[in-house]
Amino acid sequence: MVGTRAVNVLRGILVFAGVWGAAQVLGLVTLSTLLGRAGTVGLFALVILFQPELRAALERVGRPRGREAQSGAALQDLARALERLAERKVGALVAIERSTPLGEYAATGVRLDAVVSAPFLEALFARNAPLHDGGVILQGSRVVAAGCLFPLQQSDGTYRRYGTRHRAAIGLSELTDAVVLIASEERGSIRIALGGRLGPDLNGSELREQLRTLVYDYGGPASAPIPATARPPETGRGT
Ligand SMILES: Nc1ncnc2c1ncn2[C@@H]1O[C@H](COP(=O)(O)OP(=O)(O)OP(=O)(O)O)[C@@H](O)[C@H]1O
């Protein structure tokens, strides 16, 4: 994905390999030996750098069967919590992990390991609750972190008028394939940010339908084009 840390690292590796290859072709023995040694050290550095992603991948391999059924119940609870929060005009920001590991964003908040339930999510975002600020991250049917800092979408004009909660959702969805839900404190609306775009207001049944398509039925990056309801870039104040 363009702009992600992995792509930047890959670019660096390609430049490194190019210089190393050129040194070997040109017979620059000292330079190619030095780069060869640096490459070995670099390999270890990569393992450390991508430790959260590697751990998430291993966790995914070891995840027990039956996760889909649990996620179905979790998504129902998530939708119910978002509806209630929006109704009461309590702001909420929830990122659902899909293919891109969200470990680096979870690390900016408080790690949790709790089953998704509507009362728990509502309690997390309640005004004055210690973790109500920032975003919550879900992996499967678990809440894995709260109070997380998401990357703000750089105001390129399209979303300039939106507040930081919405721009954090758009920013995260731009850098990852997460499905990011926003309950607006100001408007009492629910929206989804996906692929760097903010969708329209959703009612409860539309939200459930979107969660089913984007999360429950999700079979990997190739299977999930951005649905029409998440497409229109809107220019008005979203809050
Ligand atoms: N980078 C960020 N990552 C995660 N959450 C953030 C980030 N920046 C702001 N927030 C959350 O957004 C809240 C501020 O929301 P703000 O009113 O500015 O945005 P908004 O898009 O207008 O949302 P709302 O419609 O709910 O008012 C903060 O209190 C915090 O909880």
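Sequential numbering from 1 along the given sequence is applied to the chain's residues. Indexing begins at 1, ligand by ligand and atom by atom, following the structure's order.
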Relative to the heavy atoms of Leu93, which atoms of ligand 1 are at a distance of less than 4.0 Å?
4 (C), 5 (N)
As an exercise, identify every atom of ligand 1 less than 4.0 angstrom from a heavy atom of Asp133.
28 (C), 29 (O), 30 (C), 31 (O)
A student checking ligand 1 against Phe150 at a 4.0 Å heavy-atom cut-off should list atoms 1 (N), 2 (C), 3 (N), 4 (C)
Residue part near ligand 1, for Ser184, under 4.0 Å between non-hydrogen atoms
both
Electrostatic pair Lys89:Glu185 at N-O distance under 4.0 angstrom:
no
Once the angle between the rings of Tyr159 and Tyr162 is folded into 0 to 90°, is it parallel (under 30°), tilted (30 to 60°) or perpendicular (over 60°)?
perpendicular
Heavy-atom proximity to atom 12 (O) of ligand 1 ranks first, among Arg161, Arg165, Arg191, Arg167, for Arg165
Any N or O of Gly91 that comes nearer than 3.5 Å to an N or O of ligand 1?
no
Can you list every pair that meets salt bridge (Lys or Arg N to Asp or Glu O under 4.0 Å) and has a residue in residues 25-46, with sequence neighbours left out?
none
Would one find an N or O of Gly134, backbone or side chain, under 3.5 Å from an N or O of ligand 1?
yes
Between Glu174 and Arg197 (salt bridge meaning N to carboxylate O under 4.0 Å), is one present in this structure?
no
Using heavy-atom distances only, which candidate in Glu185, Arg187, His132, Glu186 approaches atom 26 (O) of ligand 1 most closely?
Glu185
Residues Leu194, Val180; criterion side chain to side chain contact (heavy atoms under 4.5 Å, CB included); working and verdict:
CA-CA 7 Å; Leu194 184 73; Val180 192; over 6 Å; no
Tell me whether Gln24 contacts the main-chain N or O of Gly21 through its side chain, where contact means a donor paired with an acceptor under 3.5 Å.
no
Tell me which part of Cys148 gets within contact of ligand 1: side chain, backbone, both or neither, using heavy atoms under 4.0 Å.
backbone
Charged N-O contact under 4.0 Å between Glu83 and Arg80
no
